[in-house]
Amino acid sequence: MIKSKLALFGFVAMTALGSASLSSAQAAEITGAGSSFAAPIYGAWGEGAKHQIGVNVNYQSVGSSAGQDQVVARTVDFGASDKPMAAERLASEHLYQFPTVMSGIVVVVNVPGIEPGTLRLDGPTLAGLYDGEITEWDDDRIKALNPGLKLPETDVAPVHRADGSGTSFVFTSYLSQVSPEWKQKLGAGTSVAWPGGSGARGNDGVAAMVKQTEGGIGYVEYSYAAQNHLNIAQMKNHTGAFISPTLKSFEEAANAADWIHADHYAVNLLDTAGPGAWPIVTATFVLVPTNPKDATTAKAVRDFFAWGFQHGDADNTRLDYVGLPQNVKDAVLAGWGQ
């Protein structure tokens with residue numbers, strides 16, 4: 001059984017910004033909910049900050065759609081989503097949106113006889129594995145990409161997210177970008193009309209189901225796959241190279257982004273140019289009210305993320321995330337509250 005990364009952090013972290021000792025300041029309480037993709041890093045930032053700052057952070061990993069809904073309803077102090085909210089809705093709901101970290105979405109498989117990291121896929125073939133066009137692992141389209149592998153006559157068992165998921169939004173956005181057939185039939189969304197397969201909740205749920213299902217294939221945030229030693233497929237990128245996911249490959253994809261001019265930081269990091277760029281990269285976002293009910297709580301939320309931006313890079317690397325460029329961090333904090 002895969003050990004959930006969320007359990008590693010306990011998930012109630014003490015945080016707050018300032019030089020005062022915890023004994024001299026009363027702890028503030030803030031709540032957040034949303035992205036399972038981002039949950040491990042928010043837990044780690046809180047754990048690392050608990051001896052320096054005094055904000056108690058309670059974060060619930062409930063999926064990006066629920067995270068957006070809860071911050072709109074003001075039942076949490078911040079929402080987290082891998083799908084950026086549209087500018088019109090941000091304005092109407094009085095929300096400020098900003099990215100925190102980046103990582104890759106990777107494809108994990110459980111194919112008998114295939115050694116970890118050796119299977120090669122491209123975008124159109126991946127779409128075929130999920131839209132029902134490719135039903136067995138020894139299909140000619142997969143063989144053409146893997147001339148050196150002996151592929152078994154095993155049924156393909158696709159696994160997708162059962163909850164409203166920003167990871168699904170990123171994954172289906174990539175498939176829509178590289179496969180006109182997928183775009184026409186299914187499109188992109190936090191939830192789509194999957195033609196078959198099995199659903200699981202959260203990145204860890206998808207990873208666990210793939211690991212226990214012969215012929216399984218799934219999509220998860222990179223750190224879930226890397227930390228649990230899953231079989232990650234190579235992907236063909238925009239330049240035609242087959243590459244394995246690494247932090248360097250995510251950075252190469254992110255370096256091409258125009259962060260400052262992107263509408264509410266909603267940059268497209270999918271299938272970017274670059275010989276070493278991983279093709280499915282995304283930022284994860286936080287949403288906070290621009291008209292908070294309580295100024296003290298709003299300050300505590302800002303202080304928590306400011307602490308993460310300043311001190312969280314080591315945790316980012318340890319958990320296989322890529323931090324934001326410094327100029328983006330500065331712009332986020334400068335724009336907060338304006």
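Taking each heavy atom of S103 and F37 in turn, the nearest pair found is CB-CZ, 3.6 Å. Of all heavy-atom pairs between G63 and R161, the closest is CA-NH2, 4.4 Å. The two residues G199 and M209 have their closest heavy-atom pair at O-CE, 3.6 Å. In plain terms, the two heavy atoms of K236 and Y174 that are nearest each other are O-OH, 4.2 Å. For the pair A188 and V192, the tightest heavy-atom approach, listed with the atom from each and the gap, is C-CG1, 4.1 Å. Closest approach of A80 to Y59, counting heavy atoms only: CB-OH, 3.3 Å.
In terms of the side chain to side chain contact (heavy atoms under 4.5 Å, CB included) criterion, residue partners of A162 (sequence neighbours excluded) are, by chain and number, R201. Applying the side chain to side chain contact (heavy atoms under 4.5 Å, CB included) rule to A86 yields the partners E88; only residues at least two apart in sequence or on another chain are considered.
In terms of hydrophobic clustering, with Ile, Leu, Val, Met, Phe, Trp and Tyr side chains grouped at heavy-atom distances under 4.5 Å, V267 and L287 are assigned to different clusters. L145 and V156 sit in two unconnected hydrophobic clusters of ILVMFWY residues. Membership requires side-chain heavy atoms under 4.5 Å apart, directly or through other members. Transitive grouping of hydrophobic side chains (ILVMFWY, heavy atoms separated by less than 4.5 Å) brings W278 and V101 into a common cluster. Under the 4.5 Å side-chain heavy-atom criterion for ILVMFWY residues, no single connected hydrophobic cluster contains both L333 and L95. Using a 4.5 Å cut-off between side-chain heavy atoms of Ile, Leu, Val, Met, Phe, Trp and Tyr, with links allowed through other members, V322 and V286 fall into the same hydrophobic cluster.
Atom CD1 in I105 sits 10.5 Å away from atom OG1 in T172 (nearest 0.5 Å). Summarising the geometry, atom CG belonging to D155 is positioned 9.5 Å from atom CD belonging to E214; distances are rounded to the nearest 0.5 Å. Separation of atoms CH2 (W137) and CG (L151) is listed at 8.5 Å; rounding is to 0.5 Å. Between the CG atom of D139 and the CG atom of L129 there is a distance of 8.0 Å, given to the nearest 0.5 Å. Taking CD of E93 as the reference point, atom CD of Q68 lies at 10.0 Å (rounded to 0.5 Å). With rounding to the nearest 0.5 Å, the separation of CG in D131 from CD in E133 is 5.0 Å.
Residue-environment remark: CD (Q184) stays at or below the threshold of 12 foreign heavy atoms within 6.0 Å. Residue K183 places its NZ atom among 12 or fewer non-hydrogen atoms of other residues, nucleotides or ligands, all under 6.0 Å distant.
No side-chain donor-acceptor contact under 3.5 Å links T125 to the backbone of D122. Between the side chain of D294 and the backbone N or O of T296, at least one donor-acceptor pair lies under 3.5 Å. A side-chain donor-acceptor contact under 3.5 Å links N110 to the backbone of K211. A donor-acceptor contact shorter than 3.5 Å is absent between the side chain of E136 and the backbone of D138. Side chain of S35 to main chain of S64: no donor-acceptor pair is present (N/O by atom type, distance under 3.5 Å, no hydrogens or angles). Remark: the backbone N or O of V170 is not paired with any side-chain donor or acceptor of D82 at under 3.5 angstrom. When atom types are taken as modelled, the side chain of W182 and the backbone of G187 share a donor-acceptor pair closer than 3.5 angstrom. With hydrogens and angles disregarded, no donor-acceptor distance shorter than 3.5 Å links the side chain of Q97 to the backbone of L90.
For the pair F169 and P84, the minimum side-chain heavy-atom distance is below 4.5 Å. Considering only heavy atoms from C-beta on, I217 comes within 4.5 Å of L126 through its side chain. Using a 4.5 Å heavy-atom cutoff, the side chains of W259 and L324 are in contact. Proximity of F309 to W45: side-chain heavy atoms (C-beta onward) are separated by under 4.5 Å at one or more points. You'll find the side chain of Q70 reaches within 4.5 Å of the side chain of V62, heavy atoms only. Considering only heavy atoms from C-beta on, V72 comes within 4.5 Å of R89 through its side chain. Taking 4.5 Å as the limit, every side-chain heavy atom of T213 sits out of range of all side-chain heavy atoms of S198. Within the 4.5 Å cutoff, the side chain of V281 has no heavy atoms near those of the T272 side chain.
In summary, the side chains of T239 and N237 do present a donor paired with an acceptor at a separation below 3.5 Å, with no hydrogens or angles considered. Using modelled atom types, one finds a donor on one side chain and an acceptor on the other under 3.5 Å when comparing N316 with D313. Counted by atom type alone, Y42 and T100 present one or more donor-acceptor pairs between their side chains at under 3.5 Å. Using modelled atom types and a 3.5 Å distance limit, the side chains of D330 and Q326 yield a donor-acceptor pair.
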(request) Kindly determine whether Y222 and N203 satisfy side-chain contact (heavy atoms from CB on, under 4.5 Å), including the steps that lead there. (result) CA-CA 10 Å; Y222 172 64; N203 277 279; over 6 Å; no

(request) Show your working on side-chain contact (heavy atoms from CB on, under 4.5 Å) between Y321 and F250 and close with a plain yes or no. (result) CA-CA 9 Å; Y321 295 91; F250 305 155; over 6 Å; no

(request) Run the numbers on D69 and T75 for side-chain contact (heavy atoms from CB on, under 4.5 Å), then give the verdict. (result) CA-CA 9 Å; D69 292 343; T75 56; over 6 Å; no

(request) Given side-chain contact (heavy atoms from CB on, under 4.5 Å), test V220 with T167 step by step and report yes or no. (result) CA-CA 7 Å; V220 297; T167 305; 6.0 Å; no

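Ring planes of F98 and W336: tilted class, angle from 30 to 60°.
Partner of V108 under the side-chain contact (heavy atoms from CB on, under 4.5 Å) criterion, chosen from N228, V159, L230: L230.
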